[in-house]
Every structure is written in structure tokens, then in C-alpha cells.
Amino acid sequence: MMRTHRCGDLRAGDGGATVILCGWVHSRRDHGGVTFIDLRDTSGLIQVVFSQDASAPTHEAAQELRGEFCIKVSGEVRARKEGTTNPQLSTGEIEIAATSLEILSRAETPPFQVDEYQEADELLRLKYRYIDLRREKMQDNLKLRHAIISAIRRFFDAEGFLEIETPMMMRGTPEGARDYIIPSRLHPGKFYALPQSPQLFKQLFMVSGLDRYYQIVKCFRDEDLRADRQPEFTQLDLEMSFVDVDDVLDVTERMFKSIWAEVLGVHLADFPRIGYADALDRFGTDKPDLRFGMELVDLSETFATTEVRVFRSVLDSDGAVKAIVVPGKGDAGRKELDALVDEAKSLGAGGLVWIAVADDGLKSPIEKFLSDDERGALPAAAGAAPGDLILIVADANRGVVAKVLGALRGRLAERYSMIPERDRTDPEAWRFAWIVDFPWFEYNEEEKRWDFIHHPFTGIVPETLEFFESDPARVLSKSYDITLNGWELASGSIRIHDRETQRRVFGALGISPEEADERFGFLLEAFRYGVPPHGGIAPGIDRIVALAAGESNIREVIAFPKTQSAADPLTGAPAPVDDDQLKLLHLRSTAPPPPG
Ligand code: ASP
């Protein structure tokens, strides 16, 4: 046996025991001929004392110890002297009086300290990720990830779901991003794609009669990275047969409640359901943060007969005049207000009108253009009290108003600390919601065509099928999202399960029958052999863990993530391959040779 205990597991009750511990030298201090180290393993820290009294040769050997040396120590567990206990440490009442020391391996000075209090540059952290992962916070995050994934597996096992793997080398699945592709050596000029999701395979499982499937699976999407996006990410993918929307929502909601109860000890309330249109109307986004108010208010009634030129022209062209009210910010200075106007413009607004509500009236650049009625009605209509700041965006394009005010609502809540600080164990800290009743299509202004919002296999609310060709904007989908505190955690839908509707959908998306056969022929063919009604959902594991861990970036909960530019500083991926390898794959690179 190499060790008898783990460092963090010992307590005062172990006093008198002789133990063998292994770990890393976390820190070293010398005091009057005695050497103290904090020894660290994944369970925590313990103080080890090397003194001449306990063992002169061991004390001598300890003089060589430096930070991050990997060592094996044996000695006796004893209570620390009075006044030297450390209540911050779980082992803070005891120490090990070392009687032998073996250096298992020496360490060079690491590029940064394994210390919670020293922040290292992220590139450096990723290059030396194996050292970064020695930090307590990172180990806690990975332990939490493990706990969440095990809770998920236990839940689905109990519900009778099968975990089944699907291929990583496949035909592309359209989830709306670019594919990562793999060239084929055996089939010159042909490529596999890495899955953007197992979507089509899980639907085929339903055709096979495997009616409750789930999988914790990597997905790959070549898109611009953000704090909540990585080129490869992990999904909990699931699919069920003989279900409608409520069945999938029920199982998924119970799963989230059981994870939160098991892992965080929090009993969540039922998730509210918010219609997509309502979410845009009230929060300007389909992933609303419900932890604070500041909802968007419609001022078109208040300004129905207005002479204020920007509002008049917008209302005449059926646009929107909406506002948010920032509580207590009526005293914002000119510089801050100008910066807000610029911020709104950079988000896509033509401008931003601010109105400060004071005890003695309104202050605003447009104040003199307001009628007496408008002046009187505005504060109540907006829900503003003296001391508040009303921010108005008006645009002929309603989408622009929602987008700008939705973004400002989120940013200002952060900036002005409007989100109440709550403990992780407080159910109010976790504002989950279902977003439902999504439109099926969205108009792509750039390409002048209708695109799918979810994916092309998403079911259609039957009553809206008639608008399919005549008025695509009115077609609703049987899809749903889960949001939590402003993040989208999951998307899913009930699927189309007849060939004819599926063909009609491809047609509306501008995919010709030939192309549909070429890309999805296997699915359409499977649909000839008896398809059950089915649907599913796919929550993002990285996002779930990040939120549960209180991290604002999913890289903090992924062992080996990629940088913002999709690179891995640790291994140097992506990297060039040599010409022979390219030749074998029937490829030639057109990239310019590297400089120098
Ligand atoms: N395949 C979808 C996605 O990855 C999820 C689903 O529809 O189940 O977003």
C-alpha cells in the first residue's frame, strides 16, 4: 500500500495514528529550525512538520523540498499546538510529525502558483492545464461535473431509458452551424462530418422501437465562440416515442429538479412556461433572466398622438416604441447618459431617448417636445417613480427594439448590481423557465429566404400548417427551450413523423427533392417502415455545470477546453500535417505558407 489515507480526510480523532500520505508540496515555511509544509492531494491540504526532534535525517531531507515536488511522507497525526490551529482548513486542528520522507519526483518552478488567490493569464492556464487543474476550484468544478453527470445517469436509469452511443463519423446533421469534417483515405474526395448532434440517429432509434434513449455525448459545431460556446461541447441528448410536448417537458423538468435536489440540495419550484412572443415582448429575448424585473414596457399608447418626430414616424410605420426603467438612476450624469446612447447605437438602435423622472418633472433632451398629457402620463405608463431613469428605443423594426432593450436590460442589471445576491442553496437563485410556442421559420434578411429556427425535423403545430406556403411567419413549431438565469440550457421538439410533411418542409426551406434524398434519404426511407410519434430535447452539460458552479464561462468546467479562437494551447491543435499525410487523404492545402 503506497498510502494509508488521503490528506484531507484526517481529523483530530485520528490523533496518535501513524499514517502514510502522498501528494504535492503546496507551500513551505521554515520557523526556528522546523520546516512546515502543506501537503496537497485531491481531498485537501494537511500540515506536515519536519523537526530534528522527530527525525533528524528526515528534517535534513526536507530541506530540498520545493513547491509542487511530489512526495511520500509518513509520521504521526497529532493535535496542533494551541493558538496554531487553522479553522479555514478541514484538517486545521492537526498536523503530521514526519518521521520519513521519500521524494517521488521533483518539480521545476511552475509557470504559476497552484493557489486560489493568484490569477494567471488564461492562455497560460490552458497551456499548462494539468497544473491549472491542480487548483482546488478547478477540481471542485470537475467534481461537480461528475456529480451532475452521475445524477443524470441515475435518473434516466430509474426512468427506464437506455444509454446508447451513436457514431462520431457520419453524414452532416443540420443544426444550423458549419460541420467539422474528416477526409476519407479509402474514399477519395469524400468526407465524414463530426456530429453537430446525434439528431438523426436518435430519431432512427425511435423507428427501431428503442423508445426511451439518452446519451451524454460530444457534439461539434464550427461557429463563432462565446462564453457559453465551444467547438466541441457535451450534450445530454434524449428522445422518446409515443409522446407529445407535455411528456418531454415533464421528464426533463423532473430531471433538473432531481439534479438540483441531489447535487445542490435545492428544491426547485415548477418551471413557468413563457410563450416565445411574450418573452420577446417582456424581456426582449428568448432567454430571459427572471432574477430581476425591469421588463420592457410598450409606450405606443402613451405616444399615440405624439408630435415627437422619431416616435411619430415609427408609430406610423407600425414599429415599436418601448422602454425599460432603471430604478434610482435618474441622477445619472451627462457622460453616463451619452455612453448609454452610444451603447444602444452599437447594439443596432438608431438612437436612445433617456428621460429622468425628478420630483419636479421630467428631464430629457426631448422634454420640450412632449405635450402636457404625455408629460403627465409617461411615468405611470412606464412604471417609473421619481429618481428613476426611463430609456426608450423606437424603431420601425420591432425586432431591433427587442434586441436593443433586451441586451441593455441584461447589461444594466449586471452593471448596477440589480440581481439580488443569493446563496446557491436558495431556490430563488435558480430561475428556470420553459420557452414555448416558437415560430417554425425565421426570415434570413441577408439571404432573402426563410430559415428554420430549431432544425428541419421539428414538428409543426397542426393548426398553423395551413400557413406553410402562404405566410411562413405564422407557422408555429412544437419546440421548446429551457432557460436559466439568462442562459439557454436546452432545446428540443416533437418531430415531424411523416414523410410528406418532412418533404414539404424541405421544399419550404428551398431544399429540392433531389437534395433532400441525397442528404436525408436514409431518414425519409426509414419513415416508410412505421414511425412512432416522437420527440426529445438536448440540454447542454457544460452550461448546466457552469451555472451550478457559479462560473460565467463554460471553459471553467471543461477539463481541456479550446480558446476563443478554437485552438488548444496545450497540444498546439490545430496543427499542420505533412504532405504525405495529405496526399494519402487526397488533399492539397491552399492555405498560404506560414510566414518566416
Ligand atoms: N438536436 C437538437 C440540438 O442539438 C436537440 C433536439 O432537438 O433534441 O439542439
Side-chain angles (χ1 to χ4, degrees), residues 152 156 161 163-168 170-180 193-207 210-223 226 228-241 243-253 255-256 276 286-287 434-440 442 451-461 476-484 487-497 502 505 509 519-520 523 531-544 554:
I152 290 173
F156 283 112
F161 280 69
E163 180 164 14
I164 320 175
E165 288 158 274
T166 48
M168 288 283 125
M170 54 182 272
R171 255 339 257 257
T173 297
E175 291 279 359
R178 273 180 295 264
D179 286 330
Y180 279 101
L194 291 172
Q196 290 189 32
S197 81
Q199 185 61 36
L200 296 176
F201 289 107
K202 68 174 173 176
Q203 293 195 239
L204 293 178
F205 285 148
M206 299 304 112
V207 178
L210 293 156
D211 68 14
R212 295 186 145 216
Y213 141 93
Y214 85 102
Q215 185 182 189
I216 309 273
V217 64
K218 278 287 177 75
C219 301
F220 305 85
R221 298 182 192 178
D222 184 1
E223 52 192 350
R226 297 195 297 241
D228 61 354
R229 266 195 200 159
Q230 279 276 300
E232 55 175 313
F233 58 96
T234 309
Q235 266 189 187
L236 157 63
D237 193 44
L238 69 105
E239 194 76 8
M240 307 161 76
S241 287
V243 292
D244 210 335
V245 173
D246 284 341
D247 304 283
V248 182
L249 267 49
D250 169 64
V251 137
T252 312
E253 186 168 326
M255 180 208 67
F256 274 102
Y276 171 84
D286 59 1
K287 32 184 189 234
W434 284 105
I435 309 298
V436 293
D437 300 332
F438 281 87
W440 206 99
E442 116 192 291
D451 276 343
F452 55 83
I453 289 188
H454 191 46
H455 54 55
F457 314 102
T458 301
I460 297 158
V461 173
L476 291 183
S477 77
K478 285 196 169 192
S479 69
Y480 28 76
D481 280 4
I482 291 184
T483 61
L484 170 58
W487 290 40
E488 180 195 309
L489 279 195
S491 285
S493 62
I494 297 301
R495 325 299 180 186
I496 295 168
H497 75 280
Q502 190 64 71
V505 165
L509 292 172
R519 290 171 62 191
F520 316 112
L523 182 79
V531 205
H534 60 286
I537 191 165
I541 298 281
D542 309 303
R543 293 181 186 178
I544 295 172
I554 61 172

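Everything quoted here is computed from the prediction, not taken from an experiment. Just so you know, ligand 1 is whichever comes first in the structure, and atom 1 is the first atom listed for that ligand.
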Please state which option from K202, E175, E239 has its nearest heavy atom closest to atom 8 (O) of ligand 1.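 It is K202 that holds the nearest heavy atom.
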When you measure from atom 5 (C) of ligand 1 to each heavy atom in S197, A177, S491, which option holds the nearest one? S491
Numbered atoms of ligand 1 (with element) below 4.0 Å of [X], judged on heavy atoms:
| X | result |
| --- | --- |
| A538 | 5 (C), 8 (O) |
| Q235 | 3 (C), 4 (O) |
| I537 | 8 (O) |

Just to be sure I read this right, does ligand 1 sit under 4.0 Å from the backbone of Q203, its side chain, both, or neither, counting only heavy atoms?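 No part of Q203 is near ligand 1 at this cut-off.
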For E488, which part has a heavy atom under 4.0 Å from ligand 1: side chain, backbone, both, or neither? neither
Could you find the nearest protein heavy atom to atom 4 (O) of ligand 1 and give me its residue, atom name and distance?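 Scanning the protein heavy atoms, the shortest distance from atom 4 (O) of ligand 1 goes to R221 NH2, 2.8 Å.
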Provide, to 0.1 Å, the distance between atom 7 (O) of ligand 1 and the closest protein heavy atom, together with that atom's residue and name.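 Checking every protein heavy atom, the shortest distance to atom 7 (O) of ligand 1 gives R495 NH1, 2.7 Å.
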Applying the side chain to side chain donor-acceptor pair (under 3.5 Å) criterion to D237, which one of K202, Q199, Q215 satisfies it? K202
Looking only at the aromatic ring of each residue, does the gap between the centers of F205 and Y213 stay below 6.0 angstrom? yes
Find the distance between CD1 (I537) and CG (L236) and round it off to the nearest 0.5 Å. 8.5 Å
The reported gap from CD1 in I460 to OG in S479 (rounded to nearest 0.5 angstrom) is 11.0 Å
Over 60° means perpendicular and under 30° means parallel, so classify the ring planes of F438 and Y276, tilted if in between. tilted
In this structure, which one of I494, I496, L200 forms a side chain to side chain contact (heavy atoms under 4.5 Å, CB included) with F457? L200
Ligand 1 to Q196 polar contact by distance, N or O atoms, under 3.5 Å: no
If you look at every heavy atom in I453 and E442, which pair is closest and at what distance? CG1-CB, 3.5 Å
